Novice: 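Structure in structure tokens, see below.
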Amino acid sequence: MTEERRLNFGGKWTYAPALESATVPIAPRYELFIDGKFVPPKGGGYFASINPATEEPLTEIARAESADLDAAVAAARRAFEPWSKMPGRERGKYLFRIARLIQEKSRELAVIETLDGGKPIKESRDFDLPQAAAHFFYYAGWADKLDYAFPGRRAKPLGVCGQIIPWNFPLLMAAWKLAPALACGNTCVLKPAETSSISALHLAQILQEAELPEGVVNILTGPAETGRALVEHAGIDKIAFTGSTEVGKQIAHTVAPTNKKLTLELGGKAAHLIFEDAPIDQAIEGIVAGIFFNQGHVCCAGSRLLVQESILPAVLAKLRDRIATLRVGDPMDKNTDLGAIHSRPQLDKIRELVGGAVEEGAELIQPSCSLPGRGYWFPPTLLNGVTATHRVAREEIFGPVLSVMTFRTPGEAIERANNTPYGLSAGIWSDKGSKVFDLVSKLRAGVVWANTYNKFDPASPFGGYKESGFGREGGVHGLLSYVKLE
Ligand code: NAP
Ligand code: MG
């Protein structure tokens, strides 16, 4: 760590305890990132960010007030003209630089992600960080090729984009939002989730190191109120929101009477279908990865398992055995499979939905595992005998809990899979290609994985049907969310 980096955040650095590396800095305090500089909030307020695996505070983070929001939007507006007029190949160079810096710092960023969010270090290291860099690399490549993305049309940037992200993949969601917006020539005001803002502020430091022009990206930390004020701000041209369907609906309502453009990436309740002709052992691995990845804090988590009736006993027995081998505990241990639940309210919600399912008649299957005394934990859980009317089958649980249901025929599988207000993702396990193709065309879900699950690539669009939102992130489609075509 250089002296210059210490100065950027100011104050005395603390080091995360018991880490393999003492080079992981968590500053004692984080400021707002406005107009290329770290600045204290005008109202002087700070809030704590804690480690959910220990309940210990990690640092304190600036709380943005409306005067800070005005300053951030004004900075983004000033930056818009030079940034949008800059040749695409020049903008692309900044994005490539950011991507490379993320790669260089991926070790420390992965540790921050795990300490602040509770996710296993092997996931931060092998998924969140490589994917975040990949998104910047991918959109860096589009910056000077927009004419080829939209042949015969002129793609113009929208202006100042307000971007609001959730806590489950903090740095990756920042990358999903910023990279395409910047490639298209927009400027941004990004609001991270209150409980997981640290990595976004380290990203801000990377933007400084990449010498991104001042004001092109501004990062405002704060509670839901900060997000609401951003949505309402008259100086914003577009809102891109990833989060819950409930908040997404409120935002759609606020934006409706304005000229602001809007894209929403919301919740999900994915059906994961397993047919009697599936390669069962492979399918079990896919099903386990589909629901226990990131403790189930995944919008596209395969939380409803639909099993063809004839293979239910075999599938249940194998799942029961497999979840008993999952290691739950210290997210910083590289062998951990399930880390901490992200927050107390999320843990309460998981407990409430599981409790309700048992009262409604579902069978609870949990391996005996010892959970740490402090922190927020929930064991890997199966709920057998769930029916479509159970609350746990209808509401997003966002936790390590798989609801198991059955079907007899492919037609019944489709009907049950589509029986949800959500439509983000789905999964199919079957040996028959023709059956898979037929099902894919009938599943009302934005992404359908076949004989795999949770596979991501920046070139591949991601987004929802129905109450899972509208607009796509990733791929050429992701550019469309940030341009007007003339
Ligand atoms: P959330 O409560 O909707 O919050 C998302 C973000 O919006 C946070 O930054 C939050 O700030 C902010 N916010 C809260 N209320 C707001 C309001 N009224 N106006 C503007 N902003 C507001 O969701 P979450 O609990 O953080 O995230 C989990 C949800 O995100 C799940 O439903 C999940 O499915 C969804 N998700 C979807 C995708 C996708 O691509 N479709 C990806 C990941 C997650 P605070 O943190 O300060 O409250
Ligand atoms: Mg935290």
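Here the structure is a predicted model, which is why all the values come from computation and not from measurement. When a ligand or atom number is given, it counts from 1 through the structure's own listing order. Only heavy atoms go into these numbers, but all of them, side chains included; no hydrogens, no water, no symmetry mates.
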Novice: Please check whether W167 reaches ligand 1 - meaning an N/O of the residue sits under 3.5 Å from an N/O of the ligand, judged on distance alone.
Specialist: yes
Novice: Less than 3.5 Å apart, any donor N or O on the side chain of K191 or T221 sitting next to an acceptor on the other?
Specialist: no
Novice: May I ask you to decide if the ring planes of F462 and W176 are parallel, tilted or perpendicular, using 30° and 60° as cut-offs?
Specialist: perpendicular
Novice: Can you find an N or O of T242 that's nearer than 3.5 Å to an N or O of ligand 1?
Specialist: no
Novice: Checking contacts here: is it the side chain or the backbone of Q346 that comes within 4.0 Å of ligand 1, counting heavy atoms only? Could be both or neither.
Specialist: neither
Novice: If the threshold is 4.0 Å, N to carboxylate O, is there a salt bridge linking R125 and E123?
Specialist: no
Novice: Tell me whether T254 contacts the main-chain N or O of Q250 through its side chain, where contact means a donor paired with an acceptor under 3.5 Å.
Specialist: yes
Novice: Would a search of protein heavy atoms around atom 46 (O) of ligand 1 find one under 4.0 Å away?
Specialist: yes
Novice: Polar-atom distance check: V247 versus ligand 1, any N or O pair below 3.5 Å?
Specialist: no
Novice: Any N/O/S atom of L115 sitting less than 2.8 Å from the Mg ion (ligand 2), backbone or side chain?
Specialist: no
Novice: Please confirm whether F169 approaches ligand 1 to less than 4.0 Å, judged on its heavy atoms.
Specialist: no
Novice: Any heavy atom of G248 sitting closer than 4.0 Å to ligand 1?
Specialist: no
Novice: Is the backbone N or O of V160 less than 3.5 Å from a side-chain atom of D237, with the two atoms forming a donor-acceptor pair by type?
Specialist: yes
Novice: So is K191 polar-close to ligand 1, meaning N/O to N/O under 3.5 Å?
Specialist: yes
Novice: Check this for me: does any side-chain nitrogen of one of R29 and E60 sit under 4.0 Å from a carboxylate oxygen of the other?
Specialist: yes
Novice: Counting only heavy atoms, which portion of I165 has something under 4.0 Å from ligand 1: side chain, backbone, both, or neither?
Specialist: backbone
Novice: Does any N or O atom in G243 lie less than 3.5 angstrom from one in ligand 1, N or O only?
Specialist: yes
Novice: Given that the side chain starts at C-beta and the backbone is N, CA, C, O, which of these parts of P192 lies under 4.0 Å from ligand 1, counting heavy atoms, or is it both or neither?
Specialist: backbone
Novice: Quick check for you: with the Mg ion (ligand 2) as the vertex, what angle do O of D116 and O of I50 span, to 10°?
Specialist: 100°
